[in-house]
Amino acid sequence: MPAVSFQNVSKTYRTARGELQALKGVSFDIRRGEFFGLLGPNGAGKTTLISILAGLARASGGRVLVHGHDVQTEFAAARRALGVVPQELVFDPFFNVREALRFQSGYFGIRHNDDWIDELLAGLGLTDKAGANMRQLSGGMKRRVLVAQALVHKPPVIVLDEPTAGVDVELRQTLWQFISQLNKQHGCTVLLTTHYLEEAEVLCGRIAMLQLGQLVALEKTSDLLSRASSNVLRFKTDDALPPALAAQARVTGRVVQLPAHDAVEVERWLALARESGVRAEDVEIRKADLEDVFLDVMGKASREGAPA
């Protein structure tokens, strides 16, 4: 039995302009103990899918199961198996950190779990903030408390919806160290959505990609990476690229990146740049990463208008 099962899930919203189909028959399973990534551009349907999983929205069609429990007909059992860290910084301003965690425990009928709360505080770097009022915490510290609240009832499935958005490097390292420990040592299943693709590449064993409410990729991370160009030519320039280069390039400010399968292709791109008067600086060749794969998959899905 999978930890999470999305079965032909669809979601349609009614708007002033008519109906908006946010999800279009999405189906995939997440195995128990898996560290799973859910990627997609803004508006792809990731948050809608997470909201349906967490019981915050109702699917227009299909089913979602958590450890075999339907999130609609067996809501209490499904929700007890989930620990959800939302994107938004939602907190009660009237309690300190320890009190907030105790109240969160009470929602699941759990009492006298201070030992586990202490472990959460230590693991997330919150021990010295246990007596601080939630209003006194920085955004990064509030984010840590949200993670602790999601884990306070020891759920077997952890859902992290953009957990490191807008937080510092220290929090990212602390969070991933603690979550990875729960995944590897305690067998917790982790579902991660993130725009930091380097995090997904390092942490996730499998990845699903959504585009316009449809599933356009579902593979092992290693298999996705093996499909990419073996190398990427990267250089900086202040000059405008000729059409032949611009059509193949990914440009970020002064940085130009081009797919390069071998040395012949590298030389071809550089020769074309020289012939066009493009002055290339800081030239380097690197291995393709998940960002390259992501942009390639999204580009193909947009051009074809259908799942890959």
Side-chain angles (χ1 to χ4, degrees), residues 1-11 21-54 56-57 59-67 71 78 81-87 156-165 176 179-180 183 188-228 288-302 304-308:
M1 181 188 300
V4 179
S5 179
F6 296 100
Q7 301 175 0
N8 199 31
V9 180
S10 61
K11 178 63 178 178
Q21 195 167 7
L23 294 172
K24 305 171 184 178
V26 174
S27 296
F28 63 89
D29 290 343
I30 301 174
R31 296 187 286 267
R32 297 194 183 205
E34 191 170 20
F35 207 126
F36 190 93
L38 179 62
L39 307 180
N42 291 330
K46 304 186 303 297
T47 297
T48 299
L49 196 64
I50 296 299
S51 296
I52 293 171
L53 171 63
L56 302 176
S60 303
R63 300 177 71 200
V64 180
L65 306 178
V66 182
H67 278 232
V71 298
L82 281 175
V84 182
V85 182
Q87 289 186 31
V157 180
I158 304 167
V159 181
L160 305 169
D161 192 7
E162 301 285 353
T164 55
W176 294 135
I179 295 297
S180 295
N183 172 247
C188 292
T189 305
V190 182
L191 170 58
L192 168 68
T193 75
T194 181
H195 285 297
Y196 297 106
L197 299 187
E198 67 275 11
E199 292 181 345
E201 181 176 340
V202 172
L203 295 165
C204 300
R206 275 200 310 153
I207 288 174
M209 296 186 187
L210 292 180
Q211 168 73 308
L212 297 176
Q214 295 176 291
L215 189 68
V216 295
L218 175 61
E219 294 185 53
K220 290 181 179 179
T221 307
S222 57
D223 292 340
L224 281 170
L225 291 171
S226 68
R227 284 171 40 189
D289 58 20
L290 188 60
E291 184 174 350
D292 300 304
V293 178
F294 178 82
L295 292 172
D296 182 54
V297 170
M298 293 299 120
K300 287 181 180 178
S302 297
E304 297 171 0

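These figures come from a predicted structure and were not determined experimentally.
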Quick one: does any side-chain atom of N183 pair with a main-chain N or O of G33 as donor and acceptor, under 3.5 Å? yes
Is there a donor-acceptor contact under 3.5 Å from the side chain of T189 to the main chain of A3? no
Between T221 and C204 (side chain of the first, backbone of the second, donor and acceptor by atom type, cut-off under 3.5 Å), is there such a pair? yes
Working to the nearest 0.5 Å, report the span between CD1 of I207 and CG of L39. 5.0 Å
Working note: F35 + I179, criterion side chain to side chain contact (heavy atoms under 4.5 Å, CB included); need CA distance, chi angles, decisive distance, verdict. CA-CA 10 Å; F35 207 126; I179 295 297; 4.0 Å; yes
Give the intermediate values and the outcome of side chain to side chain contact (heavy atoms under 4.5 Å, CB included) for residues T47 and D161. CA-CA 8 Å; T47 297; D161 192 7; 3.9 Å; yes
Intermediate values then yes/no, side chain to side chain contact (heavy atoms under 4.5 Å, CB included), V9 and V64: CA-CA 7 Å; V9 180; V64 180; 3.7 Å; yes
Kindly indicate whether the side chain of E162, heavy atoms from C-beta on, has any atom under 4.5 Å from the side chain of H195. yes
Test L160 against L191 for side chain to side chain contact (heavy atoms under 4.5 Å, CB included), laying out the working first. CA-CA 6 Å; L160 305 169; L191 170 58; over 6 Å; no
Smallest separation among heavy atoms of A200 and T194, with atom names: CB-CG2, 4.2 Å
Any idea how F6 and F28 line up, ring-wise: parallel (<30°), tilted (30 to 60°), or perpendicular (>60°)? tilted
Sidechain N-carboxylate O distance under 4.0 Å for E219, R206: no
Within the side chain of K46, is there an N or O that forms a donor-acceptor pair under 3.5 Å with the backbone of P41? yes
Quick one: CG on L23 to CG on L212, what's the gap to the nearest 0.5 Å? 11.0 Å
Heavy-atom donor-acceptor pair, S10 side chain to S60 backbone, under 3.5 Å: no
Quick one about S27 and Q7 (side-chain donor to acceptor, distance below 3.5 Å, no hydrogens or angles considered), yes or no? no
Mark yes or no for whether E34, through its side chain, and R31, through its backbone, hold a donor-acceptor pair below 3.5 Å. yes
Between V66, V4, L56, which is the residue that forms a side chain to side chain contact (heavy atoms under 4.5 Å, CB included) with V71? V66
